[in-house]
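Structure first, then comments.
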Protein chains: 2
Amino acid sequence: MRAIATEVGVQAGALYNYTPDKQSLLFDLMEGHMTELLAAVPNKGAGAEGRLRAFVGFHIDFHFTRQDAVFISYMELRNLTPENFARVEALRRQYEDRLEQILRDGVDEGVFAVGDTKIATLAIIAMLTGVTTWFREGGRLSLEQVTAQYWDMVRRAVT
Amino acid sequence: MRAIATEVGVQAGALYNYTPDKQSLLFDLMEGHMTELLAAVPNKGAGAEGRLRAFVGFHIDFHFTRQDAVFISYMELRNLTPENFARVEALRRQYEDRLEQILRDGVDEGVFAVGDTKIATLAIIAMLTGVTTWFREGGRLSLEQVTAQYWDMVRRAVT
DNA sequence: GTCTATACCCCGATAGAC
DNA sequence: GTCTATCGGGGTATAGAC
């Protein structure tokens, strides 16, 4: 709280005019992040493969442009009350379900071949989110090039 | 430190007969973990594909049986001094290089097709390590079944 | 080697003046 | 709405008796 106060140029006590406590601040941040994510995730496209491609591009871009929120959401997750934790987890599961539905549809269409769609979902999300931990602009490759290779690997992994 | 002391049945002050401070304790734990990892990672096998398969199985098993160390290593990484952080990171990079060498060899052999081997390395490790965050024994699938599907996805992603 | 006691610091949060 | 001052609690680490 003191760090936030310094950052915005007030004293620590003054923050409590805007939030009842740190827990609420943390929860509002995470819930807002997840709500934005769910509102922005694409769900249209030509066929399961097109939708998966859109999902991969979206996930990398969204998380890269919000690295701070992603980092905080992960590191502070265990500081939430059990109720708040459960609410954030429920939103996260909703997001996973979006990807799993694409995979299921692809299997039904006969264009994808995955053993268990839930495992494939978690594997893909872990792989994509990992980009935020090492990618920095100005490096050897552009985010577009990185995204292209990730899409290529994801496509082959489920095709 | 108080939690550790309670766990082992002594008072907090008594721990300082075994470690000069918390920083050393943290660093020794992480360095030990990484050294074990590097000592245990398999490097032999029939061809790049066989070596990759062995790597996948090893990585999942090693990290699953050491979930606590993996969790601490990640959460406490930023509490290391810059020097200790750099040393742990160097070990981590050595481990990544083991996987990347397998991918490079596979490309040379003509059995793998990946754009950038470094990106593929990071993608695969992120995907595999993710298993530790959700897998619990007694669930719908055994660790062997999960490992089999991950290997299938990894194989297809790079083939 | 372990204990009790405590120093010192940082944290979240509150009280009350302005 | 913001300030200063402070409370209560937790943290790491140390001192000194046994």
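Order of the sequence lines fixes the chain letters, A, B, ..., with proteins taken first and strands second; residue numbering starts at 1 for each chain.
- For the pair B:Gln23 and A:Ala12, nearest-nucleotide mapping onto DNA chain D gives the more 5' position to A:Ala12.
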Close N/O contacts between protein and nucleotides 9-12 of chain C (under 3.5 Å):
from	atom 1	to	atom 2	distance (Å)
C:dG12	OP1	A:Met1	N	3.4
C:dG12	OP1	A:Lys22	NZ	2.7
C:dG12	OP2	A:Met1	N	3.0
C:dG12	N7	A:Arg2	NH1	2.9
C:dG12	O6	A:Arg2	NH2	3.2

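- A:Met1 shares a hydrophobic cluster with A:Ile4, A:Val8, A:Val10, A:Leu15, A:Tyr16, A:Leu25; the chain of contacts runs through ILVMFWY side chains whose heavy atoms sit under 4.5 Å apart.
- If you take CD1 of B:Ile4 and C1' of D:dT12, they are 11 Å apart, rounded to a whole angstrom.
- The listed nucleotides are D:dT4, D:dG1, C:dT2; the one nearest the side chain of A:Gln11 is D:dT4.
- Judged as a side-chain contact (heavy atoms from CB on, under 4.5 Å), and not counting sequence neighbours, the contacts of A:Glu137 are A:Phe64, A:Phe135.
- Scanning for side-chain contact (heavy atoms from CB on, under 4.5 Å) contacts around B:Ala48 gives B:Glu109, B:Val111, B:Phe112, with sequence neighbours left out.
- Checked against the 6.0 Å centroid criterion, the rings of A:Tyr74 and B:Tyr74 qualify as a close aromatic pair.
- Outside the 6.0 Å centre-distance limit, the rings of B:His63 and B:Phe71 are not counted as a close aromatic pair.
- A:Tyr95 and A:Phe55 have their aromatic ring centers within a separation under 6.0 angstrom.
- What separates CG of B:Leu26 from P of D:dG11 is a distance of 15 Å, to the nearest Å.
- With respect to the salt-bridge test (charged N to carboxylate O, under 4.0 angstrom), the residues A:Asp152 and A:Arg156 qualify.
- Other residues sharing the hydrophobic cluster of A:Val70, ordered by chain and number and joined by side-chain separations under 4.5 Å: none, the residue standing alone.
- Atom CG in A:Asn17 sits about 7 Å away from atom P in D:dG1, given to the nearest Å.
- Residues of residues 77-85 of chain B having a heavy atom closer than 4.0 Å to DNA chain C: none are found.
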